[in-house]
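Remember, it's a predicted structure, so these values are computed and weren't measured experimentally. Every chain is numbered from 1 and lettered A, B, ... according to where its sequence line falls, protein lines coming before strand lines.
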Amino acid sequence: MTTASKPRVRFAPSPTGYLHVGGARTAIFNWLFARHEGGTFILRIEDTDVERNKPELVDGILESLRWLGVDWDEGPVFQSQRLEVYPAAADALLANGSAYLCYCAPEKYAGGDHAEVEEVEEAEEAEGKKPLKKQRCGCRHLDEAGRKAAEAQAAEQGFQPAIRFRVPETGTTAFDDAVFGKREVQNAEIEDFVLLRSPKAGQTARLPTYHLACVVDDIEMRITHVIRGADHLSNTPKQALIYRGLGAAPPVFAHVPLILGPDKTRMSKRHGATSVGSYIEEGFLPEAFRNFLTLLGWSAGDDAQFLRTAELLERFSLAGVSRTNAIFDRPKLEWFNTQYLQKLPVEDLAPHVEAELKRAKIWREVWAGAERDWFLRTIDLTRPRTRLLPDFSTWARGFFSDDFFYDGAAMEKFWKDAKLPALMEKLTAGYAALTEWNHDACDKVLRDLAAAEGIKAGLLINATRVAIVGQAVAPPLFDTMVAIGKERIVARLRRALPAIAAKTSS
RNA sequence: GGCGCUAUGGUGCAACGGUUAGCACGCGGCCCUUUCAAGGCCGAAAUGCGGGUUCGAUUCCCGCUAGCGCUACCA
C-alpha cells in the first residue's frame, strides 16, 4: 500500500478571551477531520501578544474543548515558551533578502487607528491626489548610509528596528484552499507586513507577529492542513509568501465560513451568549451542542440532521464545508438539545443528570447503587418534558427531593374549585388506604371518586398533580405517583391539604 | 476608500445544466391527550436584480446591489 502521510492539523486559539462558538466550531472541524482521516490533532496556544494575553483563560479554553469532546493528540504548545525560534526565522528571511529592517517608530503604524499614516492618506485624498499607498515602507530601499543614519536615529529615540517582509512589487501570489478553491492575488495589494516587532524601550525580547509565528510553527509541526476561520482568507497570501521565503512547502488551506449573529453581523457579546462556557452553564448537552455547531457551514451532503459522534466522524469531509456565512440560530440549538435529551440512551444521559442534581445539592448516592434502576426509570419518565439539564433539578425536582415549591401559576390554575378541599381529603384517604400501589390502582381510586362525586376526573387529576410535584406540567399522573411512591405521595397530599383549602377559599 | 469572499423560504442545509426546487428548525392548523411536552399528519414560506451562454439555467459567465471579511509592530 502507499504510505500516504497522515494529515496533521491544529487548532490555535489565542487566550485573549473565552472559547467563542466560532472557535469551537473551527476546533470541531479540525478534530473531525483529523479523526476521520486517522491523522493527528494538535492544540497550540498563540500567546505572543503579552499585552493582550490572559494566561488564566487558557484553562477555561481547555475545559470548553474537553466538554465538547474534542481531544488533542499533541500539546498544548505555547508559543510564549518557544519565543527563541521566531527571531531565528526572521533573521533567515533577512539573510536571504526576503525581509528588511524597518526603522520606523512603532507608533507610526501601531495601534488600531494607526493615526499617523491614516492622517496623511486623508489629507492627500482631500487634496484630490491619488491616495499614496502606505504599503511600501521607505526603509525597504535604504542604502548602507541611510540605514546607518536611520539606525542612529532609532537608537536615539530608544527602539530597535522591526523586520518587515519584502513583498514583490509585481506578480501574484497563489495558494490552494480546499473550500474556496485556487486563490491568487496581486502582490501590489499586499503590504510589507511586519514579521518581528521592534523591541520596546528597555526590552530586548524580539517578538513575532501572528503571521511569522503561525507559519514557523506550522512548518515545524509539519501541519498539512490549515483549517481556520474565513476571516484569515485575506491574510493567507502573506503566509504563502513566508512559506516561500523560508523554502517550505505550504499546507493545504481550508477556510471555513464565519458564524454570525441573528442580525447577520459577527457574533459578539451583543448577541448574548457567545462563549461555549455559557452554554455549559445553561445546561446544554455537549453532543447536542456539537451536532448543532457542526451543521453550521457543513453538511454530510444529504438531509441528515441528527448526527451522533460516530456518524460525524465517519461522514465528515472538507468537501462538505460551505462558503457562506451561517447565522447562529438559538431555537435550532434548543431543538437539538431536546432531541438528545430524548433520544440518548438513558445510560448516556444519566451522568449529566447526576451532575445536575449534585450541582443542585439534591443528589443521593443510592441512585448510583441500589436504586440505580429507579433513577434511570425516573430519568426516562421525566426527560420528554425537559429542555435543558437544570430542568431536572427545578421542574422535575419533586421526583428527586421532597424539598420543592408549589408553582404559583399552577395553584392559581388548578386549585380554584371550591369543592376541592373536601374532594382532596377523600382522595387522600383513598390513597392512604390503598394496599396495592401501581398505575391502575391509583387510576381506579381517583376515577371511582370522581364518578361517585359526579365530577370530571380532570379536576382531581390536575389538582393532584400540583399537590404532589408542585407543577402544572408533569409526566402522566399515575406514572408519577408510582415513581414517587405511596408513602411520599400520601404525605405530600396531606401536606397540600391546608394550602388547597387556603387557595380555594381566597 | 481599496482589495477580496459570498448570495436558495425568517434560519441551517440539499438539488453540483433538465426535479411539481427537497429536508430540518421556527411558524400556523389538525390528531393524540388528565397538564405540558414528545410524536403523527397537513399547510404557508425561497432561487437578490439585470444581462448573457445554452434546446434548457438555482446551477456557467459578466455587471449591479447587498452582506461579510481583510486593510495593526492583534490574533
Self-check item: Dot-bracket notation for RNA chain B, counting Watson-Crick and G-U pairs under 3.5 Å, with | for partners on another strand
Solution: (((((((..((((....[...)))).(((((.......)))))....(((((..]....))))))))))))....
Quiz item: Quick one: is A:Arg330 getting a side-chain N or O under 4.0 Å of the B:G26 phosphate, OP1 or OP2?
Solution: no
Quiz item: Is there a side-chain polar atom (N or O) of A:Ser299 under 4.0 Å from OP1 or OP2 of B:A14?
Solution: yes
Quiz item: Can A:Arg82 be said to sit on top of A:Phe78's aromatic six-ring, NZ or CZ under 6.0 Å from centre and within 45° of the ring axis?
Solution: no
Exercise. Report yes or no: is the cationic atom of A:Lys238 (NZ for Lys, CZ for Arg) closer than 6.0 Å to the six-membered ring centre of A:Phe165, at no more than 45° off its axis?
Key: no
Exercise. List the steps, then state whether side chain to side chain donor-acceptor pair (under 3.5 Å) holds for A:Tyr103 with A:Arg147.
Key: CA-CA 8 Å; A:Tyr103 294 93; A:Arg147 199 189 65 74; 2.8 Å; yes
Exercise. Run through A:Ser275, A:Ser64, A:Pro13 and flag the one making a side chain to side chain contact (heavy atoms under 4.5 Å, CB included) with A:Tyr18.
Key: A:Ser275
Quiz prompt | Partner of A:Leu349 by side chain to side chain contact (heavy atoms under 4.5 Å, CB included), out of A:Lys343, A:Arg383, A:Gln342 | solution = A:Arg383
Quiz item: Got a salt bridge between A:Asp49 and A:Arg52, using NZ or NE/NH1/NH2 to carboxylate O under 4.0 Å?
Solution: yes
Quiz prompt | Parallel, tilted or perpendicular, as decided by the 30° and 60° cut-offs, for the rings of A:Phe292 and A:Phe289 | solution = tilted
Using the [atom1] atom on both, measure [N] against [M] and round to a whole Å.
| N | M | atom1 | value |
| --- | --- | --- | --- |
| B:C31 | B:A38 | C1' | 14 Å |
| B:U8 | B:U59 | P | 12 Å |
| B:U11 | B:A44 | C1' | 16 Å |
| B:U19 | B:U58 | C1' | 12 Å |
| B:G40 | B:C32 | C1' | 8 Å |
| B:C16 | B:U71 | C1' | 34 Å |
| B:A7 | B:A15 | P | 13 Å |
| B:A46 | B:C5 | P | 30 Å |

Quiz item: Does any N or O donor sit under 3.5 Å from an N or O acceptor when you compare the side chain of A:Ser198 with the base of B:C73?
Solution: yes
Between [X] ([atom1]) and [N] ([atom2]), how many Å, whole number?
| X | N | atom1 | atom2 | value |
| --- | --- | --- | --- | --- |
| A:His20 | B:A75 | NE2 | C1' | 14 Å |
| A:Trp298 | B:A14 | CH2 | C1' | 13 Å |
| A:Phe253 | B:C5 | CZ | P | 16 Å |
| A:Asn291 | B:A24 | CG | P | 15 Å |
| A:Phe292 | B:G12 | CZ | P | 10 Å |
| A:Arg183 | B:C70 | CZ | C1' | 14 Å |
| A:His232 | B:C70 | NE2 | P | 9 Å |
| A:Tyr210 | B:A75 | OH | P | 9 Å |

Practice problem: Kindly determine whether A:Phe328 and A:Tyr279 satisfy ring-ring contact (aromatic ring centres under 6.0 Å, His included), including the steps that lead there. | Solution: CA-CA 13 Å; A:Phe328 189 92; A:Tyr279 291 93; 5.7 Å; yes
Quiz prompt | First of A:Pro331 and A:Arg323 reached from the 5' end of RNA chain B, by closest nucleotide | solution = A:Arg323
Exercise. Starting from the 5' end of RNA chain B, give me the residue, A:Ala12 or A:Arg25, whose nearest nucleotide shows up first.
Key: A:Arg25
Exercise. Give, for atom CD1 of A:Ile163 and atom OG1 of A:Thr209, the distance between the pair rounded to the nearest 0.5 Å.
Key: 10.5 Å
Between [options], which nucleotide has the shortest distance from any of its atoms to the side chain of [X]?
| X | options | value |
| --- | --- | --- |
| A:Ala326 | B:C70, B:A75, B:G12 | B:G12 |
| A:Asp303 | B:G22, B:G12, B:C74 | B:G22 |
| A:Asp329 | B:C25, B:G69, B:C13 | B:C25 |
| A:Ser322 | B:C5, B:C13, B:U71 | B:C13 |

Quiz item: Can you give one letter per nucleotide of nucleotides 30-39 of chain B, going 5' to 3': B for a protein heavy atom under 4.0 Å from the base, S for sugar-phosphate only, - for none?
Solution: ----BBBBSS
Exercise. Walk me through it: do A:Asp192 and A:Tyr100 pass the test side chain to side chain donor-acceptor pair (under 3.5 Å)?
Key: CA-CA 9 Å; A:Asp192 281 355; A:Tyr100 61 92; 2.7 Å; yes
Pairs under 3.5 Å (N/O, protein and nucleotides 62-68 of chain B):
unit_1 : atom_1 : unit_2   : atom_2 : d
B:C68  : O2'    : A:Asn325 : OD1    : 3.1

Exercise. List the steps, then state whether side chain to side chain donor-acceptor pair (under 3.5 Å) holds for A:Thr236 with A:Arg228.
Key: CA-CA 11 Å; A:Thr236 306; A:Arg228 74 216 320 186; 3.3 Å; yes
For [X], which contact category applies under a 4.0 Å heavy-atom criterion: base, sugar-phosphate, or nothing?
| X | answer |
| --- | --- |
| A:Phe180 | sugar-phosphate |
| A:Gly301 | sugar-phosphate |
| A:Ser14 | sugar-phosphate |

Practice problem: Decide ring-ring contact (aromatic ring centres under 6.0 Å, His included) for A:Phe29 and A:Phe11; before the verdict, give the C-alpha distance in whole Å, the side-chain angles of both, and the deciding distance to 0.1 Å. | Solution: CA-CA 9 Å; A:Phe29 281 8; A:Phe11 174 58; over 10 Å; no
Exercise. Check whether any side-chain heavy atom of A:Glu356 sits under 4.5 Å from a side-chain heavy atom of A:His352, and report yes or no.
Key: no
Quiz item: Is there a side-chain contact between A:Pro390 and A:Phe392, using heavy atoms and a 4.5 Å cut-off?
Solution: no
